[in-house]
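In what follows, every heavy atom counts, from backbone to side chain, and hydrogens, waters and symmetry copies are set aside.
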Amino acid sequence: AGAILIAAVLGVVMTQGAISFLIHDGFDLIRFSQSYLFLILFLLGAFFFALLAQRVPNFQADFAVQLVFYVLLLSSVVEILHLSPFSPGGIGPHVFLFSEPSHFVLNFLPFLLYMTVTASQRMKLPLVLLGYAIALLLQTLTLVVGITLVAVMVLPLRRFLLLTPIVALSFLFSGINLDYYSSRLDLSIDNQNLSKMVYLSGWERA
């Protein structure tokens with residue numbers, strides 16, 4: 001089933017690329033070819049990793065995932081406490097070994113999701129709150145959105161509704177710069193925020 005899914009994804013992307021090549025004169029064939037090659041390597045790597053994980057005892061796989069989670073968590077703590085040698089004097093435009101906060105977030109969220117899903121009922125909410133705390137202290141909207149998606153997936157509706165005002169009040173009274181978030185959520189033409197412009201540019205290119 002996994003091999004069929006990979007073949008289907010590659011076929012859809014190749015078909016879309018071929019259609020774009022025929023329709024658009026400015027189609028970047030070299031860039032598409034490089035991206036397609038990376039997609040093949042990525043999907044094959046994920047496929048063989050899944051096969052390997054199936055053969056590993058559950059406790060070993062669980063230990064490995066938890067180890068990576070705590071390493072990533074420690075990376076965020078190091079940055080929050082201004083102990084990172086890569087951003088002396090304060091929180092920089094990166095998180096420890098990650099050149100961008102969003103890069104850290106995209107690596108951190110899957111492991112946080114695993115930890116939250118496999119945790120006991122009484123530990124799910126603290127893990128979600130921990131994610132929000134890191135997002136506030138690192139000031140990353142990407143993590144706020146990601147944690148919200150995790151909360152929607154793993155928390156019962158009543159707990160999620162209870163969590164919403166708590167997070168909202170935390171934003172209001174924590175003393176953080178709300179302009180950081182509002183500038184990224186404002187999609188108007190007048191807003192020249194770089195993150196917002198990159199986001200819209202991605203949609204236009206897609």
Side-chain angles (χ1 to χ4, degrees), residues 2 4-47 49 72 75-76 79 91-114 116-117 128 131-132 134-155 160 163-164 167-168 170-172 176-206:
I4 295 175
L5 179 60
I6 290 176
V9 171
L10 293 176
V12 169
V13 174
M14 176 58 73
T15 302
Q16 189 271 341
I19 294 174
S20 297
F21 175 75
L22 295 174
I23 294 177
H24 302 291
D25 295 334
F27 183 80
D28 192 336
L29 182 60
I30 295 178
R31 186 170 185 177
F32 173 79
S33 302
Q34 293 173 341
S35 300
Y36 194 73
L37 176 60
F38 175 77
L39 178 62
I40 293 174
L41 296 176
F42 179 84
L43 291 176
L44 288 177
F47 177 70
F49 180 79
L72 292 173
S75 298
S76 67
E79 196 67 40
I91 296 176
H94 43 68
V95 178
F96 198 42
L97 298 176
F98 295 90
S99 60
E100 295 267 352
S102 57
H103 297 171
F104 164 78
V105 170
L106 294 176
N107 283 273
F108 179 66
L109 278 174
F111 292 95
L112 178 64
L113 176 61
Y114 174 87
T116 309
V117 169
V128 170
Y132 276 119
I134 294 174
L136 291 175
L137 293 171
L138 291 179
Q139 289 194 347
T140 163
L141 180 61
T142 308
L143 186 52
V144 172
V145 174
I147 295 297
T148 302
L149 292 175
V150 170
V152 169
M153 287 187 285
V154 302
L155 294 180
F160 178 75
L163 177 67
T164 303
V167 174
S170 299
F171 270 89
L172 291 176
I176 63 171
N177 181 16
L178 293 178
D179 291 338
Y180 165 85
Y181 297 96
S182 60
S183 63
R184 284 157 173 76
L185 294 172
D186 179 11
L187 301 182
S188 64
I189 299 177
D190 297 331
N191 182 15
Q192 298 298 308
N193 179 269
L194 182 60
S195 295
K196 166 259 179 180
M197 294 173 68
V198 170
Y199 173 74
L200 293 181
S201 174
W203 277 107
E204 291 175 355
R205 292 172 183 270

Quick one: CG on Asn107 to CG on Leu112, what's the gap to the nearest 0.5 Å? 13.0 Å

Atom CD1 of residue position Ile4 - does it have more than 12 heavy atoms of other residues, nucleotides or ligands inside 6.0 Å? no

Checking side-chain contact (heavy atoms from CB on, under 4.5 Å) for the pair Thr140/Phe104: CA distance, chi angles, key distance, verdict? CA-CA 10 Å; Thr140 163; Phe104 164 78; over 6 Å; no

Contact summary for Tyr132 and Val144, nearest pair of heavy atoms: CE2-O, 4.0 Å

Using 0.5 Å steps for rounding, measure from the CD1 atom of Ile40 to the CE atom of Met14. 7.0 Å

Distance in Å, Ile6 CD1 paired with Phe42 CZ, rounded so as to fall on 0.5 Å steps: 10.5 Å

Verify the neighbour count for atom CG of Leu29: are there more than 12 heavy atoms of other residues, nucleotides or ligands below 6.0 Å? yes

For the pair Thr15 (side chain) and Gly11 (backbone), establish whether a donor and an acceptor sit closer than 3.5 Å, ignoring hydrogens and angles. yes

One pair to check against side-chain contact (heavy atoms from CB on, under 4.5 Å): Ile147 and Ile134. What are the steps and the verdict? CA-CA 10 Å; Ile147 295 297; Ile134 294 174; over 6 Å; no

List the steps, then state whether side-chain contact (heavy atoms from CB on, under 4.5 Å) holds for Val117 with Val150. CA-CA 9 Å; Val117 169; Val150 170; over 6 Å; no

Please verify the inter-ring angle class for Phe27 with Phe32; under 30° counts as parallel, over 60° as perpendicular, anything in between as tilted. tilted

What are the two closest heavy atoms between Leu106 and Pro110, and how far apart are they? O-CD, 3.2 Å

Does any donor atom in the side chain of Glu79 or Ser75 lie under 3.5 Å from an acceptor atom in the other side chain? no

Heavy-atom closest pair (Ser102 atom, Thr142 atom, distance to 0.1 Å) is CB-OG1, 4.2 Å

Between Ser76 and Leu138, what is the shortest heavy-atom contact and its length? CB-CD1, 4.1 Å

Scanning both residues in full, the closest heavy-atom pair of Leu10 with Tyr36 reads O-OH, 2.9 Å

To the nearest 0.5 Å, how far apart are CZ in Phe38 and CG in Leu43? 9.5 Å

Heavy-atom closest pair (Ala151 atom, Leu163 atom, distance to 0.1 Å) is CB-CD2, 4.2 Å

